[in-house]
Structure formats: structure tokens, C-alpha cells
Amino acid sequence: MDHGIALRWKLAVVVTGLVSLLAAPALFAAEAQPPAAAPPPQEAPTEQASDLGLELRLQTVKKDLLVMLNFAEHFIASGETKTAAQLQAPLDDYLRRHADYLVVQAVDGSNIEMTQLSAEIALVKTRLLIVLNYRDDAGSVLTEMKRLYAPYQKMSVQIQGKTTTLDEAIRQLDTDLARIAKK
């Protein structure tokens with residue numbers, strides 16, 4: 001009986017967390033919009049302000065993906081694969097609507113810090129897909145990363161509290177992906 005209640009609490013926490021994560025970008029977008037009655041701003045936003053907004057959104061996406069990764073790792077480690085599988089639909093939606101768009105937008109920019117942050121997001125995304133055993137999706141993301149970040153292979157990235165080069169992080173994910181492909 002206690003196990004059933006604990007499982008329901010865990011599921012409630014996961015669902016609440018995912019709903020909060022999915023609703024947060026909409027709230028930030030609503031706050032960023034000027035009120036309907038206010039006149040439009042007279043001057044166009046500067047490139048620096050635009051970069052700052054993109055960087056803040058990238059940081060938020062990275063934090064969100066790290067939370068989802070922690071959820072997935074916890075549920076997989078505790079044998080609750082059904083609960084982990086329930087992450088798929090909200091995760092796919094979040095990646096498609098927010099993360100993927102921002103990563104491409106940041107790589108296209110000229111700011112190396114945003115390129116670094118977008119690479120870290122792509123690495124966390126790939127790790128999450130590997131943990132959830134989405135081999136094909138993880139392989140596609142790795143292939144795309146190799147293409148997008150080819151000029152930045154020696155760039156330092158921060159992953160799970162460790163600093164490494166991008167090419168080394170990609171190589172590690174390739175190894176991890178090959179390991180689950182053999183299962």
C-alpha cells in the first residue's frame with residue numbers, strides 16, 4: 001500500500017514539474033510582450049539586448065533539460081521505466097518547441113559564449129535521449145552536432161560539473177550510444 005502511494009506522489013511531482021517546465025517559456029514570453037495599450041518602442045532593440053535575451057533563454061533550456069535528465073536517471077535507476085517512458089511526449093514537445101530552435105539560433109550567431117551554451121544543451125539533450133534509450137534520436141542529434149559544431153571541436157564545454165572539450169564529450173556520447181545499441 002505504501003509503495004502505491006509513494007509511486008503516485010512521484011508521478012504527481014513529475015507531472016507537476018513537467019507542466020511547470022512547459023509553461024515557463026510561455027510565461028516569460030508573456031512578460032516580455034509590451035502591454036496592448038502601450039505604444040510600440042521607438043527604437044529597435046540592440047544586438048546586445050537580443051543576445052542577452054537569447055542567452056537567458058538558452059540558460060533556462062539547459063536547466064530544464066538537466067532537470068529532465070535527473071528525473072529520467074532517477075526513474076531508470078529505480079526500475080520505474082514506465083514512469084520514465086511518460087516523459088517522452090512532454091520531452092518531445094519541449095525539445096521541438098524550445099530547445100532545438102534556440103540551439104540552431106545560437107549556433108548561427110557570432111557570440112562564442114552562446115555557441116558554447118548551445119553545444120552544452122545539445123550534449124545534455126543527447127545524454128537524456130541515451131538515458132531514455134531513444135537510440136535513433138540520440139544518433140541523429142550526435143550526427144547533427146558533429147555537423148553544426150565542426151569548427152568548434154576544441155571549444156571547452158561544461159557538462160555535469162566537469163570541463164572538457166566538445167570533441168571529447170561527443171566521443172564519450174558516441175561510446176555510450178554504442179553501448180546501449182549492443183543491448
Side-chain angles (χ1 to χ4, degrees), residues 13-36 38-74 86-132 134 137-138 140-153 155-166 169-170 173:
V13 168
V14 169
V15 169
T16 303
L18 289 175
V19 167
S20 298
L21 289 174
L22 293 174
L27 292 173
F28 289 127
E31 290 177 359
Q33 299 291 330
Q42 295 299 320
E43 65 182 58
T46 65
E47 185 177 322
Q48 185 178 10
S50 176
D51 285 351
L52 179 60
L54 178 60
E55 186 174 354
L56 290 174
R57 293 186 339 201
L58 286 166
Q59 289 172 350
T60 301
V61 167
K62 182 179 177 187
K63 289 176 186 176
D64 292 347
L65 289 177
L66 286 170
V67 168
M68 288 183 195
L69 177 61
N70 286 334
F71 274 127
E73 287 174 336
H74 169 75
Q86 291 175 343
L87 286 173
Q88 183 175 3
L91 175 64
D92 290 345
D93 185 54
Y94 185 79
L95 291 175
R96 188 177 64 254
R97 288 182 181 211
H98 304 289
D100 296 342
Y101 170 74
L102 289 175
V103 166
V104 171
Q105 188 178 358
V107 172
D108 290 342
S110 60
N111 187 332
I112 191 68
E113 289 83 15
M114 282 192 286
T115 302
Q116 182 181 24
L117 190 53
S118 71
E120 291 171 355
I121 290 169
L123 291 167
V124 173
K125 174 184 172 182
T126 306
R127 169 71 55 210
L128 178 58
L129 294 171
I130 289 171
V131 167
L132 292 171
Y134 301 157
D137 293 341
S140 297
V141 173
L142 275 172
T143 301
E144 184 66 11
M145 282 180 65
K146 290 174 186 176
R147 185 189 66 76
L148 276 176
Y149 299 105
Y152 307 102
Q153 291 298 306
M155 176 175 61
S156 293
V157 290
Q158 182 96 17
I159 299 299
Q160 297 176 332
K162 299 176 187 174
T163 302
T164 187
T165 61
L166 181 59
I170 290 173
L173 289 172

Gap separating the [atom1] atom of [X] from the [atom2] atom of [Y], nearest 0.5 angstrom:
X: Leu128; Y: Asn70; atom1: CG; atom2: CG; value: 10.0 Å
X: Arg96; Y: Leu91; atom1: CZ; atom2: CG; value: 10.5 Å
X: Thr126; Y: Leu173; atom1: OG1; atom2: CG; value: 5.5 Å
X: Leu54; Y: Gln59; atom1: CG; atom2: CD; value: 10.0 Å
X: Glu73; Y: Leu66; atom1: CD; atom2: CG; value: 9.5 Å

Sorted by chain and number, sequence neighbours left out, salt bridge (charged side-chain N to carboxylate O under 4.0 Å, His left out) with Glu144 holds for Arg147
What residues, two or more places apart in sequence or in another chain, satisfy salt bridge (charged side-chain N to carboxylate O under 4.0 Å, His left out) together with Asp100?
Lys125
Kindly write out the residues that satisfy side chain to side chain contact (heavy atoms under 4.5 Å, CB included) with Ile170, not counting sequence neighbours, or none if the list is empty.
Leu123, Leu142, Met145, Lys146, Gln153, Leu166, Asp174
For Thr143, give me all partners under side chain to side chain contact (heavy atoms under 4.5 Å, CB included), at least two apart in sequence or on another chain.
none
Would you confirm whether Glu55, through its side chain, and Met114, through its main-chain N or O, come within 3.5 Å as a donor-acceptor pair?
no
Using only atom types and a distance under 3.5 Å, with no angle test, would you say the side chain of Tyr152 pairs donor to acceptor with the backbone of Thr115?
no
Could you name each residue pair satisfying salt bridge (Lys or Arg N to Asp or Glu O under 4.0 Å) that touches residues 114-124, not counting sequence neighbours?
Lys62-Glu120
Shortest non-hydrogen separation from [X] to [Y] and the atoms involved:
X: Tyr94; Y: Thr60; value: OH-O, 4.2 Å
X: Ala119; Y: Val157; value: CB-CG1, 4.3 Å
X: Tyr149; Y: Val103; value: OH-CG1, 3.3 Å
X: Thr163; Y: Ser156; value: CG2-CB, 4.1 Å
X: Ala99; Y: Leu65; value: CB-CD1, 4.4 Å
X: Pro151; Y: Leu148; value: CD-O, 3.9 Å

Quick one: are Leu102 and Ile121 in side-chain contact, heavy atoms under 4.5 Å?
no
Check side-chain hydrogen bond (donor to acceptor under 3.5 Å, both in side chains) between Thr165 and all other residues, then give those that pass, not counting sequence neighbours.
Asp167
